[in-house]
Amino acid sequence: MENAIALSNGQLTDAHVEDTMQDLYLVFTIDAQDYAIEIRYVIEIIEITPITNVPFLPDCVKGIINLRGTIIPIMDVRLRFGLPEQAYTDNTCIVVVNQGNMTLGLIVDAVQEVTTISSEQRLAPPNAGDDANQYIKGVCNSAETIRLLLDCEKLMEIPGKDRG
């Protein structure tokens with residue numbers, strides 16, 4: 001991920017980039033619920049584009065796209081969460097995220113905003129047992145709404161992929 005941050009002395013370090021992005025989250029909607037992921041994972045947001053089907057992928061992985069010469073797998077977050085598939089609208093978009101050496105496009109219903117969620121606003125998720133919270137690493141209860149904070153690394157794990 002390339003981030004441009006101008007400093008008065010003209011020098012840029014990873015620590016400066018990390019400090020600037022700390023507590024920043026991208027908020028998006030899936031099935032009328034707000035979710036947020038740390039902005040440090042987000043590369044870009046693009047409009048929905050034709051997706052090439054690839055045989056034998058898990059149901060939530062819709063296929064691949066060519067984004068300026070890079071082939072990126074596309075995951076429908078609705079399907080990842082076990083929600084019913086829904087026709088894409090003008091608000092549907094792809095959030096391109098990167099973690100380590102993996103880049104993935106996440107189809108979301110709509111992107112809301114980039115916002116600061118301080119550590120004081122973040123609460124542990126409720127203990128619902130087993131896999132109920134496997135992608136949720138926290139909750140933000142703001143005056144407007146409850147936002148579920150996603151664990152982007154767990155969300156990016158491709159179902160059925162051999163982890164051995």
Side-chain angles (χ1 to χ4, degrees), residues 1-3 17 20-54 56-118 121-126 128 131-161:
M1 177 157 90
E2 295 180 28
N3 294 303
V17 171
T20 302
M21 295 185 345
Q22 185 168 351
D23 297 337
L24 284 180
Y25 286 78
L26 175 72
V27 178
F28 57 87
T29 304
I30 300 289
D31 200 36
Q33 171 62 53
D34 284 350
Y35 294 91
I37 58 172
E38 294 175 72
I39 198 72
R40 68 186 171 111
Y41 294 108
V42 178
I43 302 295
E44 64 183 296
I45 301 164
I46 60 174
E47 62 186 29
I48 198 76
T49 185
I51 299 169
T52 302
N53 288 328
V54 177
F56 307 111
L57 290 176
D59 290 341
C60 67
V61 180
K62 301 301 286 182
I64 57 175
I65 64 168
N66 181 335
L67 183 62
R68 295 183 298 281
T70 302
I71 302 302
I72 300 173
I74 303 298
M75 177 187 293
D76 190 320
V77 180
R78 286 180 146 274
L79 300 178
R80 178 76 159 155
F81 290 170
L83 298 169
E85 194 163 7
Q86 178 175 304
Y88 300 144
T89 69
D90 290 339
N91 292 326
T92 305
C93 56
I94 298 173
V95 178
V96 181
V97 294
N98 180 274
Q99 194 279 318
N101 61 356
M102 182 177 183
T103 300
L104 182 68
L106 304 174
I107 299 174
V108 300
D109 292 351
V111 168
Q112 301 300 323
E113 65 179 335
V114 173
T115 190
T116 301
I117 301 175
S118 68
Q121 293 174 291
R122 296 189 296 258
L123 306 170
D131 293 334
N133 292 331
Q134 65 181 321
Y135 309 120
I136 310 299
K137 73 176 187 178
V139 176
C140 173
N141 188 10
S142 68
E144 306 88 43
T145 185
I146 292 177
R147 293 179 170 156
L148 300 177
L149 309 178
L150 296 177
D151 184 327
C152 194
E153 294 176 26
K154 287 183 181 175
L155 183 65
M156 290 178 70
E157 291 176 0
I158 302 296
K161 180 179 164 186

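- Taking both residues in full, the closest heavy atoms of Glu153 and Tyr41 are given as OE2-OH, 2.9 Å, listed atom of the first, atom of the second, then distance.
- Note that the NZ atom of Lys62 and the CG atom of Leu79 stand 5.5 Å from one another [nearest 0.5 Å].
- Residues Ser118 and Gln121 share a closest heavy-atom pair of N-OE1, 2.8 Å.
- In this structure, Asp76 and Ile107 approach most closely via the heavy-atom pair CA-CB, 3.9 Å.
- Ring pair Tyr35/Phe28 is parallel by interplanar angle, where below 30° counts as parallel and above 60° as perpendicular.
- Although no hydrogens or angles enter the test, the distance criterion places a donor-acceptor pair under 3.5 Å between the side chain of Arg78 and the main chain of Pro84.
- Closest of all the heavy-atom pairs between Ile117 and Arg122 is O-NH1, 2.6 Å.
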Inset, instruction - Check the pair Thr116 / Asp23 against side-chain hydrogen bond (donor to acceptor under 3.5 Å, both in side chains), numbers first and verdict last. - result: CA-CA 5 Å; Thr116 301; Asp23 297 337; over 6 Å; no
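- The distance from the CD1 atom of Ile64 to the CG atom of Leu57 is 8.5 Å, given to the nearest 0.5 Å.
- Here SG of Cys93 is found 9.0 Å from CD1 of Ile46. Values are rounded to the nearest 0.5 Å.
- Summarising the geometry of Ile71 relative to Pro73, their closest heavy-atom pair is O-CD, 4.1 Å, with the distance given to 0.1 Å.
- In this structure, SG in Cys140 is found 9.5 Å from CD1 in Ile146, a value given to the nearest 0.5 Å.
- Remark: Arg80 does not engage Glu157 in a salt bridge, criterion side-chain N to carboxylate O under 4.0 Å.
- When all heavy atoms of Val95 and Leu26 are compared, the pair lying nearest together is CG1-CD2, 3.6 Å.
- The distance from atom CG of Asp109 to atom CD of Gln33, rounded to the nearest 0.5 Å, is 11.5 Å.
- Taking the charged nitrogens against the carboxylate oxygens, Glu113 and Arg147 do have a contact shorter than 4.0 Å, which makes a salt bridge.
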